[in-house]
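Input: a single structure, listed below in structure tokens.
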Amino acid sequence: GEDVEQSLFLSVREGDSSVINCTYTDSSSTYLYWYKQEPGAGLQLLTYIFSNMDMKQDQRLTVLLNKKDKHLSLRIADTQTGDSAIYFCAETPGNTGKLIFGQGTTLQVKP
Amino acid sequence: DVKVTQSSRYLVKRTGEKVFLECVQDMDHENMFWYRQDPGLGLRLIYFSYDVKMKEKGDIPEGYSVSREKKERFSLILESASTNQTSMYLCASSQVITEAFFGQGTRLTVV
């Protein structure tokens with residue numbers, strides 16, 4: 001079946017690194033995604049990784065993909081208070097275009 | 001600037017009412033989605049449409065129906081609203097497996 005799991009909450013201090021983890025069950029997705037939701041807003045695509053890659057870096061963001069363990073992580077370097085948000089991982093099982101999300105991880109950044 | 005527009009930000013309806021949530025996108029996307037977002041449960045897919053007049057059930061379709069008569073518009077219908085349908089409803093659109101764009105959400109309260 002299609003299932004995406006995340007821990008619900010992460011708290012870090014400003015300037016530290018944050019690591020948000022996600023596990024998924026369907027291995028057929030061509031892309032895996034990280035979306036960010038700021039308070040009172042809809043979701044926005046933060047970054048994504050192609051399924052044949054192990055790592056993708058984009059400025060302060062690093063995505064790691066372990067296909068064997070079906071584990072995806074998002075690392076945010078030098079976390080800022082503006083990074084406080086809910087982060088969702090997502091996949092498209094069977095590449096049908098259907099987009100399945102995890103529960104979302106609330107990132108709290110303390111000054 | 002790409003846009004997904006949901007007709008209302010806030011709605012209050014009575015139990016048993018028929019409720020229509022409207023979503024319009026201006027990007028000529030094939031795929032459109034309706035999700036509901038509840039704390040601790042993340043985004044759960046209600047219905048998904050991959051073409052005009054085509055629809056597919058998501059994880060929680062019970063109590064809901066959808067309509068897609070034109071490519072740009074995807075409507076979610078609550079046939080007889082109940083209090084357990086009080087939630088945040090998010091609409092999204094995408095091309096096949098690329099970035100999904102979200103509306104701002106409709107917070108529906110059923111009393």
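Values below: all heavy atoms of this structure, side chains included; hydrogens, waters and symmetry mates excluded. All chains are named by letter (A, B, ...) in the order of the sequence lines, taking the proteins before the strands, and each is independently numbered beginning at 1.
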Next on the checklist: What part of Tyr50(B) gets within 4.5 angstrom of chain A, counting heavy atoms only: side chain, backbone, both, or neither?
Outcome noted: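 Neither the backbone nor the side chain of Tyr50(B) comes within 4.5 Å of chain A.
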Working to the nearest 0.5 angstrom, can you tell me the gap between [X] [atom1] and [Y] [atom2]?
X        : Y         : atom1 : atom2 : value
Leu90(B) : Phe101(A) : CG    : CZ    : 9.0 Å
Leu99(A) : Glu99(B)  : CG    : CD    : 10.5 Å
Lys98(A) : Lys57(B)  : NZ    : NZ    : 11.5 Å

Next on the checklist: Holding to salt bridge (Lys or Arg N to Asp or Glu O under 4.0 Å), I want the full list of residues that pass it with Arg107(B), two or more places apart in sequence or in another chain.
Outcome noted: none
With only heavy atoms counted, which part of [X] is less than 4.5 Å from chain B, the side chain, the backbone, both or neither?
X        : result
Gln6(A)  : neither
Phe88(A) : side chain
Tyr35(A) : side chain

Test of understanding: clusters of I, L, V, M, F, W, Y form through side-chain heavy atoms closer than 4.5 Å, transitively. Do [X] and [Y] belong to the same one?
X        : Y        : answer
Val4(B)  : Val66(B) : no
Phe33(B) : Leu78(B) : no
Ile60(B) : Tyr35(B) : no
Leu11(B) : Ile77(B) : no
Tyr48(A) : Tyr24(A) : yes

Next on the checklist: Using the side-chain hydrogen bond (donor to acceptor under 3.5 Å, both in side chains) criterion, which residues pair with Gln85(B)? Sequence neighbours excluded.
Outcome noted: none
Next on the checklist: Taking CD in Gln57(A) as the centre, count heavy atoms belonging to other residues, nucleotides or ligands within less than 6.0 Å. Is the count above 12?
Outcome noted: yes
Next on the checklist: How close do Gln37(B) and Gln37(A) get, counting heavy atoms only, and between which atoms?
Outcome noted: NE2-OE1, 2.7 Å
Next on the checklist: Counting heavy-atom pairs under 4.5 Å with chain B, which one of Leu8(A), Leu45(A), Leu43(A) comes out on top?
Outcome noted: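 Going by pairs under 4.5 Å, I would pick Leu43(A).
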Checklist entry - Of all of Gly40(B), Cys91(B), Ala92(B), which one pairs up most often with chain A through heavy atoms under 4.5 Å apart? => result Gly40(B)
Checklist entry - Hey, mind stepping through Asp59(B) and Ile100(A) against side chain to side chain contact (heavy atoms under 4.5 Å, CB included) and telling me if it holds? => result CA-CA 9 Å; Asp59(B) 298 322; Ile100(A) 301 296; 4.2 Å; yes
